[in-house]
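Everything below concerns the one structure shown next.
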Protein chains: 2
Amino acid sequence: MTPTRDGRKRTFVEEARRRQILACAVDLIAEHGYANATLARIAERAHISKAAVLYHFDNKEEILRQVLTETLDELTAQLAEALSAAASPPDAIAAYVHTLIAYMAGHPAGVRILVEGLASTELVTGTNMRTQPERWRIVADIFARGQQSGSFRDFDTHTAAICLNGAIDAIASEMLANPDYAPLPAAESLVDFTHRATLATGY
Amino acid sequence: MTPTRDGRKRTFVEEARRRQILACAVDLIAEHGYANATLARIAERAHISKAAVLYHFDNKEEILRQVLTETLDELTAQLAEALSAAASPPDAIAAYVHTLIAYMAGHPAGVRILVEGLASTELVTGTNMRTQPERWRIVADIFARGQQSGSFRDFDTHTAAICLNGAIDAIASEMLANPDYAPLPAAESLVDFTHRATLATGY
DNA sequence: GTCTATACTGGGATAGAC
DNA sequence: GTCTATCCCAGTATAGAC
C-alpha cells in the first residue's frame, strides 16, 4: 500500500519501520494532538533518531497525510460496505449517517485525527487534503439517485450534502468536547431530520 | 473593552498599539492564515520589534484569541439585532441562518479567522475557545421556545441546534474552498430544510 | 540501504539595557 | 515602554558511519 514515488519496491525493514513510525504518530496525535506530536517525540517513542524518521518520510506533513489517508481508508471501507447493503436511497442516507457516527463513537482517536488532520492540512498548512471524489459528492449522488427514482423531493443536492456532512461533523465535535453527549440518539435524530427535509412522500 | 488582567487602566499609547497590532494581525491572518501570520511579520507590518509585540500581548495565542473575540463580538451584535426583530421562533431560525451566512459571504476574512481560529484553538492548542453561552444554546433556546408555543414539533433541541450550526459552518467552508458556490440559495435551502424538519404544522 | 551526529533555519519567548 | 540580544525548541538538510 502507498507505493513509493518512483514505483520501486520497498524493503522489509523499510516497510516495518514505516508502520512502526506511523503507529507511534497515531498514538501521539490521538493523545496530545497533531501540533504536540513532534518529530522528536515520535522518534523517541520509536527508539530511533529524528533523522531516521525523516529518512522514511520526507517531512512531518507526509506523516500526517499518511496517518490521515489510512484512517480515511478504513472509514471508507466501512462506509462502502454499509452503503452497498442499503436497499434504497433513503436507506443509504440512514446507513451513511449511522456508520459515520458509529465509527466516531467507537474510534475517538480516529475522530481526533480526522477532525484535526483535515482542519490543519486544509486550513493551517494550506494543503488540500480533500478526499479524491470530494466528500459531499458521495452524499449528493445518493440524493440525486433518490430524486430520479422519486423517493426524494426536488432540492439542491449539493447544499443538502454539505449540510448533512456538516451536521455529522458537528455531532462528532460535540462528542469530543462533551462526553455526556450520546451519539446514538443524535444519529437517530439527524436521520429523522434528514428524512423529513428530503423525502418526497409525507413523513 | 477587554480589560487588563490586573484591572489596571490602559494608557492611551498602549491602547493604540494594541489596536494597531490587532489590525495587522487580522490582515495577515486573513491573507496568509494564522500559522503564517508570524510574530515577525506582524511586528514588521506594525513597524516595531517582535519583543514589542510581546510586550503588549503575552503570547501569540492571545493575539488570536483577541482577534477572534472581536470578530465574534461583531457577529454576535449583528445576530442579536436580527433575532430581536424576528416575530416568531421559526422566523428567528431563518434570521439566524440568513444573518450568519450573509456575514460569511460579506466577510471572507472574518470567516477565515473564525473557522481557522476556532479549529486551531480548540483542537490544535487544546485551549477551549467556545463562546460563553455555548454556541448551540442560542439556537437550542429558540427551538425550545418554539416548541412551547407549539410552532415546532417535539425533538431534541440540543442535537437540532448542533446540526444546524454544523450545516452553516459547512456551507461557510464550502464558500471558502469553492468561489463558485452561491451562498444565498444555499441559505434559502438550509432554512427550508430546517423548517421541514422542525415545524409542527405540515410544510 | 539504514541510520547517527550535527548543524542550520525560523518561530516564539525571556532578560535586561536604555 | 521599547528595543537588543539571546535562548529554546521544532522542523529540516547534510555528511558520513556501518
Side-chain angles (χ1 to χ4, degrees), chain A residues 2-25 28-29 31-68 116-117 120-121 123-127, chain B residues 4-6 8-22 24-25 28-29 31-67 116-117 120-121 124-127:
Chain A
T2 332
T4 52
R5 295 143 289 289
D6 48 11
R8 123 187 152 269
K9 219 180 153 203
R10 229 173 237 143
T11 57
F12 178 76
V13 256
E14 187 174 5
E15 194 56 47
R17 269 282 186 247
R18 282 178 66 94
R19 294 204 174 286
Q20 182 202 18
I21 293 169
L22 288 178
C24 294
L28 285 169
I29 294 173
E31 283 169 37
H32 309 294
Y34 176 65
N36 297 323
T38 68
L39 285 180
R41 272 198 255 273
I42 294 174
E44 184 192 21
R45 185 170 285 222
H47 304 292
I48 53 179
S49 69
K50 265 204 302 183
V53 173
L54 288 174
Y55 168 76
H56 293 285
F57 294 90
D58 287 348
N59 49 45
K60 189 185 170 184
E61 201 193 323
E62 206 207 305
I63 299 178
L64 208 226
R65 194 194 309 283
Q66 196 59 34
V67 166
L68 206 49
E116 200 170 325
S120 70
T121 45
L123 296 167
V124 177
T125 76
T127 312
Chain B
T4 52
R5 296 144 288 290
D6 48 11
R8 137 193 138 263
K9 217 175 155 213
R10 229 172 238 140
T11 63
F12 178 76
V13 257
E14 185 175 6
E15 194 56 47
R17 270 278 186 247
R18 282 178 65 94
R19 296 205 173 286
Q20 183 202 18
I21 292 169
L22 286 179
C24 295
L28 285 169
I29 294 172
E31 285 169 36
H32 310 294
Y34 176 66
N36 297 323
T38 68
L39 286 181
R41 273 197 255 273
I42 294 173
E44 184 191 21
R45 186 171 286 220
H47 304 292
I48 54 180
S49 69
K50 266 204 299 183
V53 173
L54 288 173
Y55 168 76
H56 293 284
F57 295 90
D58 288 348
N59 48 46
K60 189 185 168 183
E61 200 191 325
E62 206 206 306
I63 299 179
L64 207 226
R65 195 193 310 282
Q66 196 59 32
V67 165
E116 201 169 327
S120 69
T121 46
V124 177
T125 76
T127 313

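Order of the sequence lines sets the chain letters (A, B, ...), proteins ahead of strands, with each chain counted from 1.
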When the distance from [atom1] of [X] to [atom2] of [N] is rounded to whole Å, what number comes out?
| X | N | atom1 | atom2 | value |
| --- | --- | --- | --- | --- |
| A:Glu61 | D:dA10 | CD | C1' | 15 Å |
| A:Ile42 | D:dG11 | CD1 | C1' | 11 Å |
| A:Asn36 | D:dA10 | CG | P | 9 Å |
| A:Asp58 | D:dT14 | CG | P | 13 Å |
| B:Lys60 | C:dG12 | NZ | P | 4 Å |
| A:Phe57 | D:dA13 | CZ | P | 16 Å |
| A:Leu54 | D:dA10 | CG | C1' | 11 Å |

key: A:Tyr34 six-ring centre to A:Lys60 NZ/CZ under 6.0 Å and within 45° of normal   =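 Judged by the rule (NZ or CZ under 6.0 Å from the ring centre, within 45° of its axis), A:Lys60 counts as positioned above A:Tyr34.
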task = Specify the closest pair of heavy atoms between A:Asn59 and A:Leu54, including all atoms of both residues, with the distance to one decimal.
result =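 Smallest interatomic distance, heavy atoms only, reads CA-CD2, 3.7 Å.
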[atom1] of [X] to [atom2] of [Y]: how many Å apart, nearest 0.5 Å?
| X | Y | atom1 | atom2 | value |
| --- | --- | --- | --- | --- |
| A:Arg41 | A:Cys24 | CZ | SG | 13.5 Å |
| B:Glu15 | B:Gln20 | CD | CD | 12.5 Å |
| B:Leu22 | B:Gln66 | CG | CD | 5.5 Å |
| A:Glu61 | A:Leu68 | CD | CG | 10.5 Å |

message = Test side chain to side chain contact (heavy atoms under 4.5 Å, CB included) on B:Arg45 and B:Ile42; report intermediate values, then the result.
response = CA-CA 5 Å; B:Arg45 186 171 286 220; B:Ile42 294 173; 6.0 Å; no
Check: protein-nucleotides 1-5 of chain C nitrogen or oxygen pairs below 3.5 Å:
unit_1 : atom_1 : unit_2  : atom_2 : d
C:dT2  : OP1    : A:Thr11 : OG1    : 2.2
C:dT2  : OP2    : A:Tyr55 : OH     : 3.1
C:dC3  : OP1    : A:Arg17 : NE     : 2.7
C:dC3  : OP1    : A:Arg17 : NH2    : 3.0
C:dC3  : OP2    : A:His56 : NE2    : 2.5
C:dT4  : OP2    : A:Ser49 : N      : 3.1
C:dT4  : OP2    : A:Ser49 : OG     : 2.7

ask   = Just one of B:Asp58, B:Ile29, B:Leu39 clears the side-chain contact (heavy atoms from CB on, under 4.5 Å) bar with B:Ile63, so which one?
value =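 It is B:Leu39, the one option of B:Asp58, B:Ile29, B:Leu39 that forms the side-chain contact (heavy atoms from CB on, under 4.5 Å) with B:Ile63.
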Mind listing the N/O atom pairs, protein and nucleotides 16-18 of chain D, below 3.5 Å?
none

request  = Determine, stepwise, if the pair A:Tyr55 / A:Ile48 fulfils side chain to side chain contact (heavy atoms under 4.5 Å, CB included).
outcome  = CA-CA 11 Å; A:Tyr55 168 76; A:Ile48 53 179; over 6 Å; no
ask   = Would you say the side chain of A:Thr38 lies within less than 4.5 Å of the side chain of A:Leu28, judging by non-hydrogen atoms?
value =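 Sidechains of A:Thr38 and A:Leu28: no contact.
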ask   = Ion pair present between A:Glu14 and A:Arg18, side-chain N to carboxylate O less than 4.0 angstrom?
value =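 Looking at A:Glu14 and A:Arg18, the cut-off is not met.
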request  = Just call it for B:Leu39: base, sugar-phosphate, or nothing, with non-hydrogen atoms closer than 4.0 Å on any strand.
outcome  =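 Answer is sugar-phosphate: B:Leu39 comes under 4.0 Å of backbone atoms only.
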Which protein N or O atoms sit under 3.5 Å from an N or O of nucleotides 7-9 of chain D?
none

